[in-house]
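Report on the following structure.
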Amino acid sequence: MYQRFIRQLLPKCSHNVIQAKQEIKWLVFYINNKYNNNYSSSNNNCSSSNNNYNNINYIDNNINYSDNINLNDYNNNNLSIKEIIEKKFSEKEREILNELIKERVEQSKPLQYILGTQPFCDLEIITKPPVLIPRWETEEWTYQLITKLNHLFSINNNNYKYNNDDKKYNKKYNKKYNKKYNKKYNKKYNKKYNILDICTGSGCIALSLANSLPPNTCQIYGIDISDDALSLANLNLANLNNNNNNNNHDNNDNNNSNNNKMNNQVKFSKLDILQSSIEEIKSLFNEDDGIDLIVSNPPYISPMEYNNNLDPDVKLWEDKCALMANDDGTEFHNRIAYLASNYLLRRNNNNKFHDDENQEIIIKKYQIPQLVMEIGGSHQVEKVIHYLNKYHFGWTQIWKDATGKERCIVARL
Amino acid sequence: MVSIYSFRPIFLIPSKCLYYYSAKKCLVQNCTFSSVTTKPISSFKGSLLNNKVIERLEKLTTRHTVLSKELNSQSLDVIDSDFLARNSKELSDLSSIVIPYQEMKKTQGELDEINMFISDKSGDEDFKKLAHEEYQETIEKLKSLEQSVITALLPKDDIDEKNAVLEIRAGTGGEEAALFAADILNMYERYALLCKWKFEKLSIDEDSLGAIKEVTASISGVGVFGNMKYESGVHRVQRVPATEKAGRVHTSTITVAILPEPTEADINIRELDLRIDTYRSSGKGGQHVNTTSSAVRITHIPTGFVVAIQDERSQPKNKAKALKILKARLFDMERNRVHQERSYARKRQVGTGDRSEKIRTYNFAQNRVTDHRINLTLHELENVLNGESLQTIMNGLKIFYQSEALQNENY
């Protein structure tokens with residue numbers, strides 16, 4: 001039966017046996033967690049790395065599964081997937097698995113929609129058709145961005161610490177100094193770092209930034225045109241606010257104070273970025289506040305690519321308006337660059353996020369951008385760079401993904 | 001101070017002194033050098049400290065006294081902060097050595113007194129019994145004090161505080177070896193649990209039904225590497241395998257490697273040196289496809305090390321795991337190179353030098369575990385395999401290697 005399932009899944013897995021085995025494994029855990037918790041290791045989270053099953057690795061194609069040696073004395077926990085399917089699963093569960101695999105193969109249903117979640121950075125993002133499933137490329141550059149931004153936020157923390165620890169000052173002076181410093185500190189830093197996520201979809205980028213940046217440093221806005229996307233993003237937000245106990249536990253980080261909240265506030269709103277007027281867009285944010293960072297994974301598949309050459313997994317299931325864009329897939333990049341430059345971004349000289357001279361140094365050193373946009377590949381680079389130059393972005397850079405493809409264009413004014 | 005005791009009782013009245021002779025004997029076994037001792041400072045002959053070390057300790061004590069006097073006599077009006085900082089740092093460093101050493105000397109004095117009582121021929125038998133009990137207690141105390149002196153004396157290795165990457169590979173013995181690898185993995189997992197460390201399996205290459213060909217795990221917590229580092233080597237098992245129908249005892253081996261996990265600062269891999277392969281790397285990627293294949297294979301081109309990970313559904317996470325393992329391997333390689341350069345003058349390699357050395361045997365028929373490096377045998381196999389008695393072996397190893405390091409140290 002196991003072999004049959006593998007054979008069925010092969011076409012969906014570019015004929016890679018290892019991949020097919022992995023998909024079956026994840027489906028088995030899913031069924032196991034959903035319908036029966038008897039022999040899972042007390043952990044309901046299917047993709048938590050603590051789950052015993054999750055760590056099983058099937059790298060070897062030549063394993064002979066017909067070796068039927070009874071070794072139940074050894075490691076009862078580590079049942080093979082074949083064993084779970086054939087011995088532990090009830091008839092009903094096997095039927096469910098069969099159905100799911102049918103859906104996957106015959107209807108090209110993406111695995112992430114079947115399982116209902118996709119890990120993204122340190123979060124578990126809920127996935128629902130037809131909202132775009134977070135891609136690993138996006139996850140990768142989001143990680144990169146978080147690392148860069150954390151350098152920025154470590155400036156003020158360090159300064160603060162340094163002055164507290166300095167033992168040269170006597171107690172009295174220290175107290176006075178601290179008071180003064182705190183006042184200064186508040187004045188300086190109570191302004192939050194504003195992040196805008198355009199075409200937020202499931203909310204994965206916005207929520208990951210909110211979760212991974214230091215507490216109460218940012219205000220994050222996510223916008224999308226689709227009601228499906230917005231309700232899913234809000235569902236994810238609510239889910240994470242409730243579950244954040246677990247996440248904090250995992251990270252073992254500093255912030256025990258706000259167990260029930262994300263580190264930073266996130267707000268999702270409905271907006272059509274192409275059609276809305278400047279007033280409509282600006283009304284979403286505080287009047288005189290600029291945005292410090294704009295991130296976006298806008299649709300970037302050209303109509304031609306969409307019609308001719310797209311996986312059924314993507315084409316049949318995911319929202320067209322999250323995928324396809326005019327102008328060879330660069331319509332959104334143009335619009336975002338225009339809005340960012342003329343209306344949204346905080347200008348360096350008049351209204352800084354905090355006026356520390358170190359800030360400039362850190363930004364230069366770690367090349368922290370103001371605008372990050374995902375692109376579809378090298379063919380879009382020239383066009384997007386052209387837009388950016390047209391709208392006075394002085395510094396641009398291209399980030400490649402792990403397979404060496406041009407994945408992001410980042411820029412500063 | 002020459003002890004009368006160390007010569008007299010054995011020759012004159014052997015029967016009466018038998019019990020403390022045997023106590024002494026077991027201590028002397030630990031002592032690998034004492035042949036050149038000319039002037040024993042105490043009757044505690046099992047001491048791991050030789051004359052050279054004692055000399056050094058005496059010097060440190062003198063320096064300690066001088067320093068504390070100097071610091072005390074400093075006039076409070078003219079505080080030279082530089083001088084103060086420098087000297088109080090040195091003083092506190094010295095104190096960690098000198099204070100247990102002085103305590104140890106005091107205890108040695110007590111031991112000598114007890115010996116006087118015991119070896120007194122006219123003494124009362126009951127009284128002697130009491131003295132004997134006290135003798136044992138004092139020896140124990142002395143041993144632990146000596147250990148703290150040795151620990152303080154040896155240069156601290158920062159690496160001991162690091163987290164570790166554990167690698168277990170099944171060696172000779174086919175499936176039985178793979179089954180035993182699973183047992184050993186379980187042992188370390190339990191041990192980590194008892195130590196309150198975090199144990200995370202990074203990748204498992206599992207044969208059918210709970211037999212493990214190769215496994216990599218990351219252990220993090222306080223002082224992980226310092227505790228685990230002597231586990232590297234070949235572990236041998238002798239038992240009737242579950243797969244054996246005729247009931248014969250097989251001997252199989254597995255290899256364990258404990259690598260210190262480097263921090264960001266320890267190792268710097270140039271991105272240019274890495275080749276990262278993923279499935280479906282052809283095609284446009286991004287929104288165009290929705291891939292579920294998250295497998296990542298990283299090749300470090302200069303060394304040819306390859307790490308492949310695919311357990312997580314998130315590709316960046318697989319990549320991070322693979323990088324972690326790769327870094328640990330590279331760091332270990334570099335460390336071994338430095339280590340070997342340093343140790344060429346030594347007669348014996350200390351610590352985790354040789355990975356091919358058979359270090360331990362688990363014999364199921366005799367219910368015993370023997371560590372061949374220190375000749376320590378425990379007749380509680382079950383407790384070792386569930387991690388509870390592992391600490392006993394590790395402590396023994398620690399003492400052995402520390403005293404060895406002490407003798408090899410040049411000063």
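On a predicted model such as this, the values are computed, not experimentally measured, just so you know.
The greatest number of non-hydrogen atom pairs below 4.5 Å with chain B, out of A:Glu139, A:Glu374, A:His379, is found for A:Glu139. Chain B forms more heavy-atom pairs under 4.5 Å with one residue of A:Glu140, A:Arg407, A:Gln118, A:Glu137 than with any other, namely A:Arg407.
Annotation: A:Glu86, atom CD; neighbour count of heavy atoms from other residues, nucleotides and ligands within 6.0 Å is above 12.
Using a 4.5 Å cut-off between heavy atoms, A:Asn297 touches chain B through backbone and side chain atoms alike. For A:Pro312, no part lies under 4.5 angstrom from a heavy atom of chain B. Of the two parts of A:Leu323, the backbone and the side chain both hold a non-hydrogen atom closer than 4.5 Å to a non-hydrogen atom of chain B.
Between the side chains of A:His333 and A:Tyr300, no donor-acceptor pair of N or O atoms lies under 3.5 Å. Judged purely by distance below 3.5 Å, without hydrogens or angles, the side chains of B:Asn318 and B:Glu312 never pair a donor atom with an acceptor atom.
Ion pairing of A:Arg135 with A:Glu318 is present here, as a side-chain N (NZ or NE/NH1/NH2) and a carboxylate O approach within less than 4.0 Å.
A:Ile301 and A:Glu305 make their closest contact through CG2-CB, 3.6 Å (heavy atoms, listed as atom of the first residue, atom of the second, distance).
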